[in-house]
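Not measured: the values here are computed from a predicted model.
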Amino acid sequence: AQVLVALCALGIDPLTDSRFITDSGKTVLDGMLKFYNTSDGGFRHILEDKDSDGIPDNDSDGMACQQGLYALVAYDRTFTISARKRRTRS
């Protein structure tokens, strides 16, 4: 999430800049979204965590949610909203 925020602050689009796209076409955002938890709609810091009983605990965590959403908003504000404003000015 912090990498996405930093790239946005620098005006670098991590979804289109080839320096941040793997050979298989994966982006920084793809990497971050692996931590999105479809069962509760949040983010987690660890892909799969096991409780003391050995059963996977895939609950989201508050700080991970905050950081994930912060990064998504940074991207949206930097590239999506800015692009819309540029199109409406022309």
*Can you name the nearest heavy-atom pair linking Asp61 to Ala64, along with the distance?*
OD1-N, 2.9 Å
*CG-CD1 distance between Asp59 and Ile46, expressed to the nearest 0.5 angstrom*: 12.0 Å
*Passing candidate, side chain to side chain contact (heavy atoms under 4.5 Å, CB included) with Val28, options Ile12, Leu15, Leu4, Thr22*: Leu4
*Distance (rounded to the nearest 0.5 Å) between Thr27 OG1 and Asp17 CG*: 11.5 Å
*Do Met32 and Val3 have side chains that get closer than 4.5 Å, going by heavy atoms?*
no
*Is there a path from Leu33 to Phe20 through hydrophobic residues (I, L, V, M, F, W, Y) whose side chains come within less than 4.5 Å of each other?*
yes
*Using the side-chain contact (heavy atoms from CB on, under 4.5 Å) rule, take Leu47 and Phe35 through it: C-alpha gap first, then chi angles, then the decisive distance, then the call.*
CA-CA 6 Å; Leu47 285 179; Phe35 293 86; 3.7 Å; yes
*Distance from Phe43 atom CZ to Ser60 atom OG, nearest 0.5 Å?*
8.5 Å
*If only atom types and distance count, is the side chain of Asp76 paired as donor or acceptor with the main-chain N or O of Val73 below 3.5 Å?*
no
*Provide the closest heavy-atom pair for Ala71 versus Ala1 in the form atom of the first, atom of the second, distance.*
CB-O, 3.5 Å
*Give the cluster check for Leu72 versus Leu7: same hydrophobic cluster or not, with ILVMFWY residues linked at side-chain heavy-atom distances below 4.5 Å.*
yes
*When rounded to the nearest 0.5 angstrom, what is the spacing between OH in Tyr36 and CG in Leu29?*
12.5 Å
*Out of curiosity, does Tyr70 fall in the hydrophobic cluster containing Tyr75 (side-chain heavy atoms, cut-off under 4.5 Å, transitive links)?*
no
